[in-house]
Colleague: 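What follows is a structure written as structure tokens; I'll ask about it next.
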Amino acid sequence: MYPTLLAIHNIIRWVVLGSLVFGVFTSVEGLLTKRDYTRVDMITRGITSGVSHLQLLIGLLLYASVSPITKSFLQNGAQGNDQLLFFGVWHAAAMILAVVLITIGAAIAKRASTDRKKFKATLIWFAISLLVILSAIPWFRPFFRAF
Ligand code: HEM
């Protein structure tokens with residue numbers, strides 16, 4: 001269960017990053033070329049939001065009941081151990097914030113009255129979320145993990 005969930009969480013990270021970068025890039029391009037907000041933009045928004053919520057769920061499951069690292073953190077605190085502190089506090093808090101930002105951005109973009117406002121909302125909220133995620137990914141871990 002633990003290796004499988006960790007491997008899934010590892011891979012979904014790339015889908016979250018890819019859809020966020022694509023969303024930011026196409027929003028800039030949409031604003032610059034003044035094109036319409038199309039079905040592809042709606043699908044990108046939906047995939048980014050859906051996949052980040054899935055990652056949030058798996059992360060919460062790892063955190064609350066599967067990971068030996070967070071289990072140790074919850075029982076004994078960080079005890080001066082950087083890795084325990086990273087996963088116990090920073091990774092979880094920053095990633096929850098990032099998913100909240102994506103959710104707010106997607107909702108504002110969905111309800112916005114003009115295509116320009118949709119692109120702007122996507123650009124601002126997804127870009128901030130992307131920065132938060134980049135700062136909280138454990139880059140010291142493997143980039144891919146076998147199941
Ligand atoms: C967009 C959101 C997230 C991304 C991109 C992300 C990314 C990652 C990555 C790349 C790893 C390392 C995986 C590996 O070592 O193979 C990891 C580990 C972990 N993440 Fe996340 N994560 C996200 C959200 C969350 C959330 C919301 C939580 C909990 C509230 C969480 C809890 C954990 C835990 C507990 C571990 C590893 C523990 C261990 O190694 O035992 N993650 N995450």
Side-chain angles (χ1 to χ4, degrees), residues 1-32 37-112 115 117-147:
M1 170 92 160
Y2 175 51
T4 309
L5 270 187
L6 199 58
I8 294 173
H9 196 65
N10 184 318
I11 282 194
I12 294 181
R13 160 256 308 258
W14 296 114
V15 186
V16 173
L17 284 176
S19 62
L20 270 176
V21 169
F22 188 74
V24 167
F25 179 81
T26 49
S27 300
V28 172
E29 179 258 336
L31 284 170
L32 291 178
Y37 190 87
T38 64
R39 240 176 85 81
V40 174
D41 299 303
M42 273 183 248
I43 292 170
T44 304
R45 191 184 72 215
I47 288 178
T48 309
S49 173
V51 113
S52 65
H53 282 101
L54 178 64
Q55 184 73 328
L56 172 71
L57 275 183
I58 298 171
L60 286 173
L61 199 61
L62 274 169
Y63 191 99
S65 58
V66 182
S67 162
I69 293 179
T70 48
K71 202 170 279 175
S72 164
F73 172 78
L74 292 173
Q75 282 167 3
N76 309 310
Q79 304 169 64
N81 181 318
D82 286 350
Q83 196 176 212
L84 292 186
L85 194 63
F86 178 84
F87 285 110
V89 181
W90 172 244
H91 181 76
M95 293 309 195
I96 289 171
L97 171 69
V99 177
V100 169
L101 296 175
I102 290 172
T103 309
I104 294 173
I108 293 177
K110 190 175 180 183
R111 285 163 185 70
D115 287 358
K117 286 181 183 166
K118 285 178 186 290
F119 284 130
K120 263 192 182 169
T122 309
L123 171 59
I124 292 168
W125 292 88
F126 280 18
I128 297 172
S129 171
L130 179 60
L131 291 179
V132 174
I133 289 176
L134 286 173
S135 77
I137 281 182
W139 295 110
F140 51 87
R141 287 290 186 87
F143 283 8
F144 291 100
R145 208 181 262 280
F147 282 84

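Order of appearance sets the numbers: ligands from 1, and atoms from 1 within every ligand.
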Colleague: For a 4.5 angstrom cut-off between non-hydrogen side-chain atoms, does Leu17 reach Ile137?
Modeller: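 Contact flag for Leu17/Ile137 side chains = yes.
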Colleague: Got an N/O contact under 3.5 Å between Arg145 and ligand 1?
Modeller: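 Min N/O separation from ligand 1 is below 3.5 Å for Arg145.
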Colleague: Do me a favour and list the nearest non-hydrogen protein atom to atom 15 (O) of ligand 1 with residue, atom name and distance?
Modeller: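 Here the nearest protein heavy atom works out to Arg141 NH1, 2.6 Å.
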Colleague: Using a 3.5 Å cut-off on N or O atoms only, is Arg13 in polar contact with ligand 1?
Modeller: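 No.
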Colleague: Can you tell which of Val24, Leu131, Val21 makes a side-chain contact (heavy atoms from CB on, under 4.5 Å) with Phe126?
Modeller: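 In the set Val24, Leu131, Val21, the residue that makes a side-chain contact (heavy atoms from CB on, under 4.5 Å) with Phe126 is Val24.
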Colleague: So which protein heavy atom does atom 12 (C) of ligand 1 come closest to, and at what separation?
Modeller: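 Protein heavy atom with the smallest distance to atom 12 (C) of ligand 1: Pro138 CG, 3.5 Å.
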Colleague: Please list the nearest protein heavy atom to atom 38 (C) of ligand 1 with its residue and the distance rounded to 0.1 Å.
Modeller: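 Minimum-distance protein heavy atom for atom 38 (C) of ligand 1 reads Ser67 OG, 3.3 Å.
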Colleague: Please could you name the atoms of ligand 1 that Asn10 approaches to less than 4.0 Å, counting only its heavy atoms?
Modeller: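 Counting atoms of ligand 1 from 1, those under 4.0 Å from Asn10 are 14 (C), 16 (O).
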Colleague: Do Ile69 and Phe86 touch side chain to side chain, with heavy atoms closer than 4.5 Å?
Modeller: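 A side-chain contact under 4.5 Å is absent here.
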Colleague: Measure the shortest side-chain to side-chain distance between His53 and Val99 over non-hydrogen atoms and say whether it is less than 4.5 angstrom.
Modeller: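 Yes, their side chains come closer than 4.5 Å.
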Colleague: Check all N, O or S atoms of His9 and name the one closest to atom 21 (Fe) of ligand 1.
Modeller: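 Checking each N, O and S atom of His9, the shortest distance to atom 21 (Fe) of ligand 1 belongs to NE2.
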Colleague: As an exercise, state the distance from OG of Ser52 to CD1 of Ile47, rounded to the nearest 0.5 Å.
Modeller: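 If I round to the nearest 0.5 Å, the distance is 11.5 Å.
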Colleague: Taking the side chain as everything from C-beta on, heavy atoms only, tell me whether Thr48 gets closer than 4.5 Å to Ile102.
Modeller: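 They are in side-chain contact.
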Colleague: Would you say that Tyr2 contacts Leu62 through its side chain, given a criterion of any heavy-atom pair below 4.5 Å between the two side chains?
Modeller: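 Counting from C-beta outward, Tyr2 and Leu62 do come under 4.5 Å.
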Colleague: To check your reading of the model: name the closest protein heavy atom to atom 2 (C) of ligand 1, its residue, and the distance in Å.
Modeller: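 The closest heavy atom on the protein side is Gln55 CG, 3.5 Å.
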Colleague: Run the side-chain hydrogen bond (donor to acceptor under 3.5 Å, both in side chains) test on Thr44 and Asp41 for me, step by step, so that the C-alpha distance in whole Å, both residues' side-chain angles and the decisive distance to 0.1 Å come before the verdict.
Modeller: CA-CA 5 Å; Thr44 304; Asp41 299 303; 5.4 Å; no
Colleague: Taking only heavy atoms of Tyr2, which atoms of ligand 1 are found under 4.0 Å from at least one of them?
Modeller: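 Listed by number with element, the hits are 39 (C), 40 (O), 41 (O).
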Colleague: Check this for me - ligand 1, Thr70, N or O atoms closer than 3.5 angstrom, yes or no?
Modeller: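 No; the residue has no nitrogen or oxygen that sits under 3.5 Å from a nitrogen or oxygen of the ligand.
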Colleague: If you have a sec, work out which protein heavy atom is nearest atom 13 (C) of ligand 1 and how many Å separate them, to one decimal?
Modeller: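 The closest heavy atom on the protein side is Leu6 CD1, 3.9 Å.
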Colleague: Only heavy atoms of Leu56, strictly under 4.0 Å: list the atoms of ligand 1 that pass.
Modeller: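 Reading through ligand 1 atom by atom, the close ones are 27 (C).
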Colleague: Counting from 1, what ligand 1 atoms have a heavy atom of Leu60 closer than 4.0 Å?
Modeller: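 That gives atoms 29 (C), 30 (C) of ligand 1.
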Colleague: Is Phe143 close to Asn10 at the side-chain level, that is, under 4.5 Å between some pair of heavy atoms?
Modeller: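 Result no, sub-4.5 Å side-chain heavy-atom pair not found.
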Colleague: Starting from atom 26 (C) of ligand 1, which protein heavy atom do you reach first, and at what distance in Å?
Modeller: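 That would be Gly59 CA, 3.8 Å.
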Colleague: Taking only heavy atoms of Phe87 into account, list the atoms of ligand 1 that are under 4.0 Å away from them.
Modeller: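 Those of ligand 1 that fall under 4.0 Å from Phe87 are 18 (C), 19 (C), 36 (C), 37 (C).
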Colleague: Side-chain contact, heavy-atom cut-off 4.5 Å: Glu29 with Phe119?
Modeller: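 When only atoms from C-beta onward are counted, Phe119 and Glu29 do not touch, as no gap falls below 4.5 Å.
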Colleague: Considering only protein heavy atoms, which is closest to atom 7 (C) of ligand 1, and at what distance to one decimal place?
Modeller: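 Protein heavy atom at minimum distance: His91 CE1, 3.6 Å.
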